[in-house]
Amino acid sequence: MPELPEVETIARGLAARVPGRRVEGVTVRRPDVIARPASRRAFRDGMTGRRIREVTRRGKNVLFVLDAGMRLLVNLGMTGRLLLDDAPAARGLGHVAVRFRLDDGRTLLYDDVRRFGRMELFDAQGWAERDARFGLEPLGEEMTPEALHAVTSASRVPIRNLLLDQDRIVGVGNIYASEALHRSRVHPARPASSLTRAETHRLRDEIRAVLQEAIDAGGTTFSDYRNASGEAGAFQFRLRVYGREGEPCAHCGTAIERQVISNRSAFFCPACQPHRRGRRA
DNA sequence: AACGCGCCCTGTCCGC
DNA sequence: TGCGGACAGGGCGCGT
C-alpha cells in the first residue's frame, strides 16, 4: 500500500501528536509483525519506558526516534496503518497487531490486515548499520542526476524493477514507478543501463516531482491507505497511468497498456513510452 | 553477486 | 448465491 508520499503523510500526522510522550506499555497481538529483536518479550522490554522524541520517515518506513539513541522502524507492508485511538477511524479497525499505551492515556495502534508489515527496534549502533544500507532518498540532496545515473547504469534489470529496489533507491513503489516513468517517457521494461543520461536526468526530476505532488495531495488512496487521522488521500485522482489500462493517455490519447513485469503490473503509454533502445552510456 | 520467482496473508472483485 | 481465480500500494528468502 504505502509508498513514500503516504508514509510521509502518516509520519507528519504522528509528528504533530506524539513527540514528548512516553511508552508505558506494549501489547503484541500478532507476534509475526515483530521482526527485531527476535523475541516479543525483548521488543516489549526494549520499548517500555521509552520516550518518543521525534517521528519521521526513512524510505517507506515510519521512524520513531526514541530516547537513549533507540529507533523504532515501522514498515507498513501493503495494509499497515498507524493511528491514535482518539481518531474516530480507530473504532473501525479490525486487525490491530500492536498497541503502544502512552503516558497521556492515549494508545498508538498498529493495524494490518495482511500482516506484511514489520517492526524493528534498534539501538544506536544497530540503527547506524541499518541506516547505511538504504538506497538514495529521492527527495534528499543526495538524489543528484549523477547519483541516479550511477545507479541506473550499473544494472540491466527493467527500469521499473530498479525503481522498486529499496537497496538502490528508497520510497518509490509500484504506483509512483509507473507514474514517474510515464512522465519521463521511458518504457518500464527497458534495461536500466539502456537509459541515456538525458533520460536518467528527466527521470530524476519526475520522480521528485510526482512524489512531492502526491505528498501535497495527502497520498494515494485506493482502499486501505489512511493517514494518521484515518483520512484518505487525493492523489488517486491525479494518476496518469497507474490503474488506467484501456483509458486514453492524457498526453496523446493512445490507450494505456498494462504489462506484467516480474509478477507486478506496470502501466504505460505505448506511444509516449516506446520500447526502443537508448544509447549505451 | 545479481537476479527472477515463489511466497507470506487477507480481502475484494469478476466471470461463470 | 456460490465458487474459483486473479489481483492488490511490499519485501524476504531461495535457487540459479
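All chains are named by letter (A, B, ...) in the order of the sequence lines, taking the proteins before the strands, and each is independently numbered beginning at 1.
Looking at DNA chain C, the stems built from 3 or more consecutive Watson-Crick or G-U wobble pairs, each pair with its key distances under 3.5 Å, are B:2-8 with C:10-16, B:10-16 with C:2-8.
Looking at residues two or more places apart in sequence or on another chain, you find a side-chain hydrogen bond (donor to acceptor under 3.5 Å, both in side chains) between Arg12(A) and Glu8(A). In this structure, the salt bridge (Lys or Arg N to Asp or Glu O under 4.0 Å) partners of Arg58(A), at least two apart in sequence or on a different chain, are Asp131(A), Glu137(A).
For dG10(C), one of the phosphate oxygens OP1 or OP2 lies less than 4.0 angstrom from a side-chain nitrogen or oxygen of Lys60(A). Under 4.0 angstrom from either OP1 or OP2 of dG10(C) there lies no side-chain N or O belonging to Asn75(A).
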Using a 4.0 Å heavy-atom cut-off, write out nucleotides 1-12 of chain B from 5' to 3' as B (base contacted by protein), S (sugar-phosphate only) or - (no contact). --SSSS-BBBS-
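Within residues 241-248 of chain A, the residues having any heavy atom under 4.0 Å from DNA chain C are, by residue number, Tyr242(A).
Within 3.5 Å, no donor on the side chain of Thr221(A) pairs with an acceptor on the base of dG9(C), nor the reverse.
Residue Arg264(A) is classed as a base contact, given a heavy-atom separation below 4.0 Å to a base.
Ranking dG11(C), dC7(C), dG9(C) by closeness to the Met78(A) side chain, first place goes to dG9(C).
Across dG5(C) and dC7(B), the matching P atoms stand 15 Å from one another, rounded to whole Å.
Thr9(A) and Asn227(A) share no donor-acceptor pair across their side chains, judged by distance under 3.5 Å alone.
Clustering of Ile, Leu, Val, Met, Phe, Trp and Tyr side chains at separations under 4.5 Å places Met78(A) together with Phe116(A).
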Could you go through Met119(A) and Phe43(A), starting from their C-alpha distance and side-chain angles, then the distance that decides it, and tell me whether this counts as side chain to side chain contact (heavy atoms under 4.5 Å, CB included)? CA-CA 9 Å; Met119(A) 291 188 186; Phe43(A) 179 81; 3.9 Å; yes
